[in-house]
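What follows is one structure encoded as structure tokens, with my remarks underneath.
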Amino acid sequence: MANHLVSRLQAFGTTIFAEMTALAREHDAVNLGQGFPDFDGPDFVKQAAIAAIERGDNQYCPPSGVPPLNAAIAEHQARFYGLHYDADHEVTVYSGATEAIFATLSALCEPGDEVVVFEPFYDSYRANLAMVGARERLVTLHSPGFEYDPRALEAAFGPKTRAVLLNTPHNPTGKVFSRAELEHIADLCRRHDVLAITDEVYEHLVFDGEHICLATLPGMRERTVVISSLGKTFSLTGWKIGHTCAPPSITRALRCAHQFMTYCTATPLQHAAAAAYRAPDQYFEQLRTDYAARRDHLCSGLAQLGFEVLVPAGTYFALTDIRPLGFDDDMTFCRELPGRVGVAAIPPSAFYVNPAHGRHLVRWAFCKSRPVIDEGLRRLARLHP
Ligand code: PMP
Ligand code: GLN
């Protein structure tokens, strides 16, 4: 069959999430792979979407977002982080964090610019960098602690560095970057006059420590594009509503790219998202409490099965070392698992340039209801001979 794909994308096949979810469907497996909840988002948000549709809020909206959502996002940033953004000039809405990241890189990076990225990385980052012609400078987070080597980070910054792209809480490791680490990163950004792009989609899923927005550190608000989305915080991953908060001059650039990608994002869902971001504090506290219980339940179940569990401080994923069970290749393990025992998981080597760094690990999602996690654990017990 002819290969029509441009050369700069040939290193990227089907995403590992789509591959593993397709395998899960084929084998009717319990899907602890792709990160989407098997429960629905809150009723008040769904009702707000229905009301917006019935009210007739169904046509194009301004490409920057429906004004009540821009305002609600600005209020959210002030409420949780003390960060004050002007809703009209500093907040922009996208089709998910995925589009926000791509629009940001497209708007800010010239071909040949370098972007510092930590690996393991969320899979769209490298493909997006390839699409815009920017070069990645990778800094590895090594298991089991996923600290980075400060000298490696310093060496990654140079005259061509345009930005650092940081994901905290971090998928797939569950790492929550500490204040000391963020201060180090901020110091490098200021010293090299580099922008920061922060992917904070798991901002409300932190169980140990606290989520710190890099933009709150001295001198960082003016050089940071804060990115997040509705999907994880409101268990509505299919709605694909994301946003950026950035100073007006940067926002102007981001909006230019975004308007030619999607122009605007689903209008009625944006109205519902405005209601979501105005949820009382109790909603966010309950979300974290529920997820902490799911994390503890999955992690203790996996440990009882003999995996070495690297308990995550945040996100809804847990990594395990599979070597104690006699496996040493995550890709083979995950490709065989649905057929072998009826469970799907994600092989983290897909998120490293050098797959050897992640080969001994497997990622399990705990954004699933209790009976589903229990059924997954029951099936995984069959791994033992
Ligand atoms: N960043 C990270 C780290 C993610 O895990 C995901 C997937 N949920 C995204 C971005 C994409 O978010 P969205 O679904 O809002 O596009
Ligand atoms: N963020 C989700 C995960 O890490 C997947 C999102 C996607 O499939 N694009 O599992």
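Just so you know, ligand 1 is whichever comes first in the structure, and atom 1 is the first atom listed for that ligand. Each residue takes its place number in the sequence, starting with 1.
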- [ ] Determine, step by step, whether Phe307 and Trp364 satisfy the ring pair (Phe, Tyr, Trp, His ring centres under 6.0 Å) criterion, reporting the C-alpha distance in whole Å, the side-chain angles of both residues, the deciding distance to 0.1 Å, and the verdict.
- [x] CA-CA 12 Å; Phe307 290 102; Trp364 313 89; 5.6 Å; yes
Open item on the list: Please evaluate residues Thr244 and Tyr94 with respect to the criterion side-chain hydrogen bond (donor to acceptor under 3.5 Å, both in side chains), reporting the C-alpha separation (whole Å), side-chain torsions for both, the decisive distance (0.1 Å), and the verdict.
Closed with: CA-CA 8 Å; Thr244 55; Tyr94 304 79; 2.9 Å; yes
Task: Chi angles and distances behind the side-chain hydrogen bond (donor to acceptor under 3.5 Å, both in side chains) call for Ser369, Asp38 - done: CA-CA 7 Å; Ser369 52; Asp38 67 353; 3.1 Å; yes
Open item on the list: Test side-chain hydrogen bond (donor to acceptor under 3.5 Å, both in side chains) on Asn171 and Thr315; report intermediate values, then the result.
Closed with: CA-CA 7 Å; Asn171 177 11; Thr315 76; over 6 Å; no
- [ ] Show your reasoning for whether side-chain hydrogen bond (donor to acceptor under 3.5 Å, both in side chains) applies to Ser64 and Thr92.
- [x] CA-CA 5 Å; Ser64 51; Thr92 309; over 6 Å; no
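Looking only at protein heavy atoms, the nearest one to atom 9 (N) of ligand 2 is Tyr122 OH, 3.2 Å. Considering only non-hydrogen protein atoms, atom 12 (O) of ligand 1 sits nearest to Ala97 CB, 3.6 Å. The protein heavy atom nearest to atom 6 (C) of ligand 1 is Tyr122 CZ, 3.4 Å. Scanning the protein for heavy atoms near atom 8 (O) of ligand 2, the closest one is Gln34 NE2, 2.6 Å. Counting only heavy atoms of the protein, atom 10 (C) of ligand 1 lies nearest to Asp199 OD2, 3.4 Å. Counting only heavy atoms of the protein, atom 8 (N) of ligand 1 lies nearest to Lys232 NZ, 1.8 Å. Closest to atom 11 (C) of ligand 1, if we only count protein heavy atoms, is Thr98 OG1, 3.2 Å.
Close contacts of ligand 1 with Asn167, meaning ligand atoms under 4.0 Å from a residue heavy atom, involve 3 (C). Residue-ligand proximity, Tyr202 to ligand 2, at heavy-atom distances under 4.0 Å covers atoms 1 (N). Heavy-atom proximity to Gly96, at under 4.0 Å, picks out these atoms of ligand 1: 15 (O), 16 (O). Remark: ligand 2 atoms within the under-4.0 Å shell around heavy atoms of Phe317 are 3 (C), 4 (O), 10 (O). Of all atoms in ligand 1, listed by their number and element, those nearer than 4.0 Å to a heavy atom of Tyr202 are 3 (C), 4 (C), 5 (O), 8 (N).
Under 4.0 Å is where a charged nitrogen must lie from a carboxylate oxygen, and between Glu147 and Lys175 no such pair does. Using a cutoff of 4.0 Å between basic side-chain nitrogens and carboxylate oxygens, Arg223 and Asp193 are scored as salt-bridged.
Polar contact with ligand 1: present for Ser229 (N/O pair, distance under 3.5 Å). Ligand 1 has no nitrogen or oxygen under 3.5 angstrom from a nitrogen or oxygen of Ser95. Polar contact check, Glu99 against ligand 1: no nitrogen or oxygen pair lies under 3.5 Å apart. The shortest N or O to N or O distance between Lys240 and ligand 1 is below 3.5 Å.
A cation-pi geometry, defined here as NZ or CZ lying under 6.0 Å from the six-membered ring centre and within 45° of its normal, does not hold between Arg288 and Tyr291.
Note: Phe102 CZ to Ser124 OG = 10.0 Å, rounded to the nearest 0.5 Å. One distance of note links CZ of Arg335 with CG of Asp329; it measures 9.0 Å at 0.5 Å rounding. From Leu305, atom CG reaches atom CZ of Arg378 across 11.5 Å, with rounding to the nearest 0.5 Å.
Every heavy atom of Tyr316 sits 4.0 Å or more from the atoms of ligand 2. Residue contacts with ligand 1 leave out His170, since none of its heavy atoms falls under 4.0 Å from the ligand.
At a heavy-atom cutoff of 4.0 Å, ligand 2 is contacted by the side chain of Arg363 but not by its backbone. At a 4.0 Å heavy-atom cut-off, ligand 2 does not touch Thr15 at all.
Note on Tyr277: it clusters hydrophobically with Val93, by side-chain heavy-atom contacts below 4.5 Å among ILVMFWY residues. Hydrophobic clustering, with ILVMFWY side chains joined whenever heavy atoms are under 4.5 angstrom apart, groups Leu69 together with Tyr283.
Atom 2 (C) of ligand 2 has its nearest heavy-atom neighbour, among Gly33, Gly96, Gly35, in Gly35.
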